Amino acid sequence: METTLSSGTHLTSLSRTTGLAQLRAFGAIIWREYLHFVRYPTWVIAFIIWPILFPATYIFSSFALAGPSGVGVTRFLEVAGTDNFLGYIVVGTSVWMWANTLLWNVGFALRGEQMRGTLESNWMTPTSRFLFLLGSGPVHAVSMLMFFLFTVVEFRIFFHLTFNANLFSLLAVFLAALPALYGLGFTFASLVITAREANAFVFLVRGIVMIFCGITYPLAVMPPWMQAVAEWLPPTLIIRAARLAALNHASLEVIAPDLVRLLAYGAFWLALGYLTFSQIERRARLKGALNQY
Amino acid sequence: MSDYAIEALDLVKKFPRRAPAEQTPAPKNPLARLFHRPPPGEFTAVDHVSFQIHRGEIFGLLGPNGAGKSTTIRMLCTLLEPTSGTARINGYDVVREANRVRQSLGIVLAGERSIYWKLTGRENLEYFAALYHIPPEVARRRIDELLDYMELTSRANELVEKYSTGMRQRIVLSRALLARPPIILLDEPTLGLDPQAARRIREMVLDLKRQGHTILLTTHYMEEADQLSDRIGIIDQGKIIALDTPSALKQRIRQQDVIKMEVAGWKPEMAEAIQSLSGVSQMVSRYLEQDGIWEIHLQTGNSRAILPRLIEHVNTNGTHLVNLNIVVPTLEDVFIHLTGKALRD
């Protein structure tokens with residue numbers, strides 16, 4: 001061996017766990033997520049093609065239903081409370097896409113590590129294990145902001161869509177939605193790591209969101225019991241507040257009731273996510289489920 | 001500080017496992033049969049294992065696949081919680097002081113997929129340095145030093161997916177050494193490597209010992225255990241069945257002669273006839289696929305006395321002896337002596 005490593009007669013570890021060190025580790029997890037995100041070229045599809053592809057199916061369906069002169073859409077617009085039905089659909093589908101990709105990306109974050117074979121090497125370090133789950137969120141949140149930007153630009157170019165948006169209110173909706181959606185994602189991630197098969201869960205959750213949360217139609221068209229269920233689902237509140245902020249230039253005061261409820265849901269789902277994760281982590285150590293896939 | 005770097009005391013690990021379906025009669029009712037699940041059972045992977053490893057020692061855990069080596073390592077590095085028993089690393093309890101244990105350990109688990117292939121070698125080390133809570137300035141110096149030591153500096157900025165298996169294993173070893181941990185756990189570190197890469201890793205292990213690290217090594221390669229270890233624990237079916245220095249272990253069968261034969265056309269029913277020869281204490285056979293012949297290991301108290309009868313028995317009914325040697329006992333012979341089976345069965 002030509003080179004040797006520096007060592008003393010008495011070896012002491014260089015590892016120094018402090019609050020700052022945990023914060024640096026959290027930054028490293030986000031940085032690693034970012035590198036993975038940009039080094040898989042599928043992000044081009046996520047940013048450029050999906051924003052227009054997914055809402056377009058509903059938009060063309062609505063053109064067909066409205067008829068040549070648009071007479072069929074009158075009733076819809078009355079119930080929806082806006083005459084911008086393109087914007088109405090785009091906001092709904094964008095929030096659905098957000099919830100959907102969140103379940104795939106955050107929900108599968110640990111499962112992805114497990115399948116890649118890197119989960120154990122991460123969990124053998126002194127970094128808090130919950131940070132690995134939290135670290136998957138920021139890159140996803142920023143990528144969703146980019147997704148929304150691409151959506152606006154593309155619909156402006158191809159469908160001449162205009163928004164009457166209050167950007168401050170819209171940002172507030174986005175921020176208030178984060179705890180609820182990510183808390184849901186963390187709970188989901190913990191279940192996925194123990195179930196090791198999550199497609200059925202994903203389809204169930206996104207199906208529920210698609211039907212109950214009014215992504216392309218007003219809640220008023222659903223039976224009363226479905227409307228009652230919808231009120232308990234965070235995406236319903238996100239979609240409603242986002243539509244008001246993006247299409248009706250609603251001020252913060254107008255959307256405040258939905259934001260407060262979103263934050264309350266957020267506290268609940270984050271706490272549930274943390275508790276579920278702690279339980280699952282212990283269970284995995286007892287049953288040896290970490291390296292199974 | 002404890003006198004021992006690693007202490008395992010009466011470690012037990014049981015995993016839940018359902019009994020095989022054939023062992024539990026299915027209900028007659030077709031509907032009940034549809035929902036029938038065998039009753040839950042347990043599988044003991046590690047069965048009351050105890051050992052102590054001195055500071056600066058290389059301790060080998062030798063055993064066949066499924067013997068309980070990796071489960072033991074996983075309990076020591078806090079990935080698994082023992083069902084019962086205790087273990088201490090650098091004086092810290094693996095359950096109650098798990099974070100202290102993680103700070104004291106560098107770990108290489110079997111397989112090369114424990115690093116990120118879409119990151120460069122340097123990025124991998126920077127990432128894990130942050131996870132190991134190494135101050136940034138110290139980490140930068142340490143990473144340069146490790147890349148130099150592993151002779152990877154010129155390839156450090158390439159994605160790991162472009163590395164050879166041996167290079168990936170050196171990055172994995174670098175990751176284990178990042179925090180300069182006093183104790184290193186190596187789980188099958190040369191598994192799947194070509195002979196040259198494996199030899200290089202073995203040289204590094206010896207070099208790490210010279211630098212003062214304590215090393216626990218699991219392997220099912222007896223030559224590796226023999227070459228590297230100061231002491232060896234032989235593990236089978238979750239139990240440590242022998243623990244001593246390699247020479248002392250081999251001394252146990254010094255009174256025995258070990259006969260190694262290569263036979264063409266071997267028939268399994270011949271085993272019984274040979275084992276019944278007076279003086280044969282152990283016999284295992286293994287098919288060498290590459291050569292299309294069988295390798296037979298025999299242990300006997302007096303090889304000269306049984307050789308004529310042995311050759312006569314082998315050269316019958318279309319089988320014939322291709323090669324025969326009386327060899328110096330190896331650790332594999334010790335394992336055969338203790339268990340009646342080969343390490344790589």
Side-chain angles (χ1 to χ4, degrees), chain A residues 1-33 35-40 113 115-129 131-132 135 281-292, chain B residues 13 15-16 45 71 74 77-81 83 90 98-100 102-105 107 109 111-119 123 126-136 138-139 141-142 145-146 148-149 151 159 172 175 177-182 203-204 207-208 210-214:
Chain A
M1 204 63 53
E2 286 177 10
T3 50
T4 55
L5 289 170
S6 62
S7 61
T9 47
H10 184 75
L11 286 170
T12 48
S13 173
L14 300 172
S15 176
R16 302 275 180 275
T17 298
T18 59
L20 186 64
Q22 292 279 12
L23 205 61
R24 267 198 299 266
F26 183 54
I29 295 165
I30 295 171
W31 175 71
R32 186 258 296 152
E33 280 285 317
L35 290 178
H36 259 145
F37 179 75
V38 294
R39 283 179 187 168
Y40 283 99
E113 297 281 348
M115 291 169 77
R116 200 184 288 130
T118 45
L119 185 66
E120 288 189 322
S121 53
N122 280 303
W123 285 24
M124 291 183 307
T125 68
T127 293
S128 162
R129 293 175 177 190
L131 291 182
F132 293 108
E281 194 265 336
R282 174 89 205 283
R283 195 179 130 98
R285 266 188 295 136
L286 286 170
K287 296 200 165 187
L290 283 182
N291 63 334
Q292 297 172 355
Chain B
K13 185 66 199 174
F15 292 110
T71 305
R74 282 183 154 77
C77 71
T78 76
L79 286 174
L80 281 176
E81 205 170 301
T83 306
N90 208 20
N99 251 17
R100 294 277 191 190
R102 290 175 197 139
Q103 286 180 302
S104 307
L105 281 178
I107 306 145
L109 293 182
E112 55 178 325
R113 299 207 69 96
S114 64
I115 48 174
Y116 293 93
W117 287 29
K118 278 287 178 190
L119 265 56
E123 285 167 348
E126 286 169 351
Y127 170 68
F128 281 105
L131 297 193
Y132 275 102
H133 301 161
I134 303 169
V138 179
R141 281 198 303 272
R142 183 69 178 163
E145 191 178 50
L146 281 165
D148 193 32
Y149 177 68
E151 295 169 28
L159 294 182
V172 171
R175 184 195 60 205
L177 297 174
L178 269 172
R180 206 178 58 201
E203 284 170 3
M204 285 176 178
D207 197 37
L208 291 171
R210 281 193 287 274
Q211 289 168 32
H213 294 275
T214 305

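Throughout, a chain's letter reflects where its sequence line sits, starting with A, and its residues are numbered from 1. Remember, predicted model here, so these are calculated numbers, not experimental data.
- Both the backbone and the side chain of Ile29(A) come within less than 4.5 Å of a heavy atom in chain B.
- The residue among Ala130(B), Cys77(B), Ala179(B) with the most heavy atom pairs within less than 4.5 Å of chain A is Ala179(B).
- In this structure, chain A has heavy atoms under 4.5 Å from both the backbone and the side chain of Tyr132(B).
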From CA spacing to verdict: side chain to side chain contact (heavy atoms under 4.5 Å, CB included), His133(B), Thr18(A): CA-CA 8 Å; His133(B) 301 161; Thr18(A) 59; over 6 Å; no
Salt bridge (Lys or Arg N to Asp or Glu O under 4.0 Å) between Glu145(B) and Arg180(B), intermediate numbers included: CA-CA 11 Å; Glu145(B) 191 178 50; Arg180(B) 206 178 58 201; over 6 Å; no
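- With a 4.5 Å cut-off on non-hydrogen atoms, Tyr40(A) touches chain B through its side chain but not through its backbone.
- With hydrogens and angles disregarded, no donor-acceptor distance shorter than 3.5 Å links the side chain of Ser114(B) to the backbone of Ser121(A).
- Contact annotation for Leu105(B): neither backbone nor side-chain heavy atoms come within less than 4.5 Å of a heavy atom of chain A.
- Most heavy-atom pairs under 4.5 Å with chain A, from the set Pro181(B), Pro136(B), Ala98(B): that is Pro136(B).
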Asn99(B)/Gln103(B) under side-chain hydrogen bond (donor to acceptor under 3.5 Å, both in side chains): CA gap, chis, key distance, verdict: CA-CA 6 Å; Asn99(B) 251 17; Gln103(B) 286 180 302; over 6 Å; no
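- Between Ala129(B) and Leu178(B) the shortest heavy-atom distance is N-CD1, 3.6 Å.
- If you take CZ on Arg285(A) and CG on Leu80(B), they are separated by 9.5 Å, rounding to the nearest 0.5 Å.
- Residue Arg175(B) touches chain A through its side chain alone, counting heavy-atom pairs closer than 4.5 Å.
- Interface remark: of the candidates Leu119(B), Val138(B), Thr71(B), Leu119(B) forms the most heavy-atom pairs closer than 4.5 Å to chain A.
- With a threshold of 4.5 angstrom between heavy atoms, Glu113(A) approaches chain B through side-chain atoms but not through N, CA, C or O.
- Note that CZ of Arg102(B) is 12.0 Å distant from CG of Leu131(B), once rounded to the nearest 0.5 Å.
- Of the listed residues (Arg24(A), His36(A), Arg32(A)), the one with the most heavy-atom contacts under 4.5 Å to chain B is Arg32(A).
- Listed here is the closest heavy atom pair of Phe128(B) and Ile115(B): CE1-CG2, 4.5 Å.
- With respect to chain B, the highest number of heavy-atom pairs below 4.5 Å among Pro126(A), Ala21(A), Ser13(A), Ala25(A) belongs to Pro126(A).
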